Structures are given as structure tokens and as C-alpha cells.
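Quick caveat: nothing in here was measured; it's all calculated off a predicted structure. Start at 1 and go down the list; that is how both ligands and their atoms are numbered.
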Amino acid sequence: MLKYDDYVESAKALCRKLGEFCPEILIILGSGLGNLGARMKDPIAVPYSEIPNMKFSTAPGHKGRFLAGELGGKNVLMMQGRLHIYEGWAAEDAVFPIRVAKLMGIDKLIVTNAAGGINEGYRPGELMLINDFIKLNAVNPLIGPNIEEFGPRFPDMTHVFDREYMEVFRDIAVSHGENIHEGVYFYCTGPQYETPAEIRAMRLLGADAVGMSTVPECIAARHCGMRILGLTLVTNMAAGILDKPLSGEEVIEAGNAASERLSTYVTEFHGNI
Ligand code: HPA
């Protein structure tokens with residue numbers, strides 16, 4: 001298991017790479033959304049492989065590097081590619097960068113993902129503000145000895161997603177004519193897509209979208225007291241809703257198609273928080 005000192009070592013290593021630059025927001029980019037980095041002014045790129053104790057991204061559409069730079073007037077640390085548990089990483093490895101960011105003084109997280117729409121009122125290409133999550137399976141990044149420096153043994157999850165951030169982001173999206181939803185994200189480890197029966201069950205449980213990321217990161221981020229904005233891009237309707245199989249390519253394409261819009265909103269969001 002990772003020790004507190006491992007996180008400290010990695011935070012120091014990343015700080016050294018960034019020199020004078022001090023980020024205040026961490027942004028995690030989901031499948032196909034990596035283009036958001038293109039809007040940063042003169043970013044500093046740091047591959048995950050250069051950070052001690054950190055694993056690397058193997059998922060398609062995930063570059064596996066940090067970009068640090070200014071976006072919308074805020075100093076940002078961006079993850080172009082995340083670490084998923086389905087890649088074989090332990091849950092604590094998947095959330096490692098969150099805790100490293102916290103030690104660097106970052107207390108705001110914008111987390112994005114691609115997901116399947118469970119709510120039949122949703123359409124591919126639409127955005128959903130995550131207002132809560134469901135994670136019924138056992139995997140949890142906080143299992144193991146609690147690291148008190150980050151947070152308590154039994155952290156509260158009543159308000160995972162920041163209400164004020166949601167309102168600010170919603171206003172921006174609506175001002176651009178976006179039909180933005182607000183709903184519950186159901187976490188599955190993947191890597192297989194869900195069965196139609198699972199999707200029906202998730203709908204009964206109150207889920208609006210389903211994906212293979214985000215929740216471990218949000219648990220770790222709330223544990224250490226970060227404010228979170230969670231953004232889902234509906235890249236496809238979930239299994240069984242339409243009479244066609246799901247594909248990873250479709251997810252990446254939908255992500256690429258939406259990334260310009262999302263970049264605009266996130267950039268404006270920075271100017272409003
Ligand atoms: N299920 C799980 N993860 C996903 C999906 C989906 O339908 N689409 C994009 N990521």
C-alpha cells in the first residue's frame with residue numbers, strides 16, 4: 001500500500017517540474033476529451049512516467065501526461081488521460097494524482113467523463129452535471145489503513161458535488177444554448193459494457209448515466225476536502241436502449257465532437273469561480 005511519504009515525494013517531484021507555476025484547479029479529462037489541453041497557453045507537459053510512484057494510462061484516447069498552464073484566467077493542472085481500475089491498477093493508484101494534487105495545494109477538481117445515457121430523455125452528445133453517484137460494487141480507493149493527513153476514516157458523502165459550481169456551469173452551458181441535464185452517475189469497473197438487464201436495474205435504482213471512471217476519484221477528492229464539479233458527456237445510449245451494440249470508437253468520436261464546446265464552457269467557468 002502507498003504511504004503518506006510516497007504522495008509527498010511525488011508532489012515534490014511534480015512541483016519541481018512545474019518550477020514557479022502554482023496550479024489551483026485539477027482537471028481530469030475523460031475519453032476523447034483530451035483536446036481541452038489545446039486551449040492552454042504555453043503548457044508545461046509532464047508524462048506520468050516521470051512522476052515517482054505514479055502509474056500510466058493505457059486506455060484509448062488517454063495520453064497519460066499532465067499539462068500545466070493557464071486556462072480562462074486560472075492556473076490549471078490538467079490530466080490528459082486518467083488511470084482506470086479496469087486497466088489493472090489498484091484503486092489507490094487510480095486516485096493517486098488527486099492526493100498528489102491536494103498536497104500541491106489544489107483544492108478544486110473538475111472531473112469529466114464519457115458515459116452511456118440510461119435516462120431515456122437523454123441524447124448522445126448532451127451533457128449532464130453529476131449531482132450524485134451510485135457505486136454498489138466493492139472497489140473503493142479508501143479501503144486499507146486510513147491516511148489521516150488526507151481525511152477521516154469514514155468520510156461523509158452527502159454533498160460530493162458542489163452546488164455552487166453546478167449552478168455556475170449550468171448558467172454558462174444554457175447561455176450557449178446547451179440542453180444540459182443534471183443526474184446520477186452509476187459507476188461500473190468495466191471494461192465490458194453493461195448488459196441490458198443491468199441497465200434496467202440501474203434505471204430502477206435511480207441512475208441517469210453509467211461509466212467506468214470518476215467515482216473513485218471523487219471519493220478520494222471528497223475524503224481530502226476538495227470541491228468538485230462533475231461533468232458527463234453522454235456519448236451513447238446505454239446497452240439495450242437502442243437495438244445496436246456499443247463500441248469504444250463511437251465513444252471516442254462523440255468525445256472528440258463535443259470537446260470544443262466543453263472547452264469553451266470550462267474556460268468560461270474558470271472566469272466565474
Ligand atoms: N457504459 C459504460 N461506460 C461508458 C459507456 C457506457 O455505455 N459509454 C461511455 N463510457
Next item on the list: Evaluate the ring pair (Phe, Tyr, Trp, His ring centres under 6.0 Å) criterion for residues Phe186 and Phe133: first the C-alpha distance (whole Å), next the side-chain angles of each, then the deciding distance (0.1 Å), finally the verdict.
Entry: CA-CA 6 Å; Phe186 195 110; Phe133 67 71; over 10 Å; no

Notebook entry, point to check: Heavy-atom count around Phe21 CZ within 6.0 Å, excluding the residue itself: above 12?
Noted result: yes

Note to self: If you count heavy atoms of other groups shown closer than 6.0 angstrom to NE2 of His176, is the number above 12?
What the structure shows: yes

Note to self: So if I only count non-hydrogen atoms and take anything under 4.0 Å from ligand 1, which residues does that give, chain by chain?
What the structure shows: Ala114, Ala115, Gly116, Tyr193, Glu194, Val210, Gly211, Met212, Thr235, Asn236, Leu246, Val251

Item checked: Short side-chain donor-acceptor distance under 3.5 Å, Thr214 and Asn113 -> yes

Notebook entry, point to check: With Lys17, which residues qualify under salt bridge (charged side-chain N to carboxylate O under 4.0 Å, His left out), at least two apart?
Noted result: Glu50

Notebook entry, point to check: At what distance, to the nearest 0.5 angstrom, does OH of Tyr7 lie from CG of Leu2?
Noted result: 4.5 Å

